[in-house]
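Below is one structure, written out as structure tokens, with a few remarks after it.
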Amino acid sequence: MANLCSFLMKVRGNMGDIEQFYNAMMQNGTIYMGRGAEASLDWEDDNVAMINGCCKWSIQSAMIDNAISMRTNPDRWYWGDGKSSEGLEFITLFEACKKWNIIMEVYSEECGCEFQEHYICDKGDVICNECVEWHEYDLYDYETKEEAEEDYDTKFTDEEWANKDERVTRGGFENWDFEI
């Protein structure tokens, strides 16, 4: 089973284009944004929406690399019993932004592989493409700080241990403040 990557995405554009962008991400219709995602769409106003969801492995893998692979090597993919890729179009996240005149910003995190991603794309032009190391530790199951440090092979501060009922995170982006 693939690791799941959680993300929060902000998109700007006209309502109809945002809906088509979202449908491609959800693989509703004949245009697939790579492997797609499971996500919800929440409107801030007629031209701005937030998409909250998850995809397999990473944004880079599911919505960029897999789109290219599906387009160039469709025989490598399983489409379901009796189904094929015939009649489907495969586009990357960035190609989708260009196709539907979308300005998009997304932050993601995947605790199993320990990273966070941040992308900004303005109608196909990639403005930001960052991936940084990020760690998440669950300390609430441990009786002693030493036991947790041994299992995770790292040291925890007294403050982190005092707040062990909350997840301890290190690295990543300081905050997920959207710029668009």
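The shown structure was predicted, so the numbers you read here are calculated from the model rather than taken from an experiment.
- In this structure Glu89 satisfies the salt bridge (Lys or Arg N to Asp or Glu O under 4.0 Å) test together with Lys99, sequence neighbours excluded.
- Looking at every heavy atom in both residues, Met25 comes nearest to Met63 through CE-SD, 4.0 Å.
- Scanning all heavy atoms of the two residues, the minimum distance from Trp43 to Ala49 falls at CE3-CB, 3.8 Å.
- Side-chain atoms of Gln27 come within 3.5 Å of backbone atoms of Gly34 as a donor-acceptor pair (strictly under, hydrogens ignored).
- At least one side-chain heavy atom of Lys10 sits under 4.5 Å from a side-chain heavy atom of Met50.
- Residue Cys54 comes nearest to Leu4 through the heavy atom pair SG-CD1, 4.4 Å, listed as atom of the first residue, atom of the second, then distance.
- Nearest heavy atom pair, residue Trp134 against residue Gly171, reads CD1-O, 3.7 Å.
- Residues Glu179 and Cys128 have side chains not in contact (no heavy-atom distance under 4.5 Å, counting atoms from C-beta outward).
- Contact annotation: the side chain of Phe21 approaches that of Met104 to within less than 4.5 Å [non-hydrogen atoms, C-beta and beyond].
- By the rule that hydrophobic residues join a cluster once side-chain heavy atoms approach within less than 4.5 Å of another member, Ile91 and Ile103 end up as members of separate clusters.
- Contact annotation: the side chain of Phe156 never approaches that of Tyr142 to less than 4.5 Å [non-hydrogen atoms, C-beta and beyond].
- Between Glu105 and Trp176 the shortest side-chain heavy-atom distance does not fall below 4.5 Å.
- With values rounded to the nearest 0.5 angstrom, Ile31 atom CD1 is found 11.0 Å from Glu95 atom CD.
- In this structure Arg167 satisfies the salt bridge (Lys or Arg N to Asp or Glu O under 4.0 Å) test together with Glu136, Asp138, sequence neighbours excluded.
- Side-chain contact check for Asn14 versus Asn101: every heavy-atom pair is 4.5 Å or farther apart.
- Taking 4.5 Å as the limit, some side-chain heavy atom of Trp79 sits within range of a side-chain heavy atom of Met70.
- In the hydrophobic cluster analysis, where Ile, Leu, Val, Met, Phe, Trp and Tyr join through side-chain heavy atoms closer than 4.5 angstrom, Met9 is grouped apart from Tyr32.
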Pair Trp57, Asn66 - check side-chain contact (heavy atoms from CB on, under 4.5 Å), show working. CA-CA 11 Å; Trp57 298 112; Asn66 288 167; 5.8 Å; no
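- In terms of heavy-atom proximity, Tyr22 sits nearest to Ser40 at OH-CA, 3.8 Å.
- Panel note: side chain Gln116, backbone Phe173; a donor-acceptor pair is recorded below 3.5 Å.
- A continuous path of hydrophobic side-chain contacts links Val106 to Ile51 [ILVMFWY only; heavy atoms under 4.5 Å].
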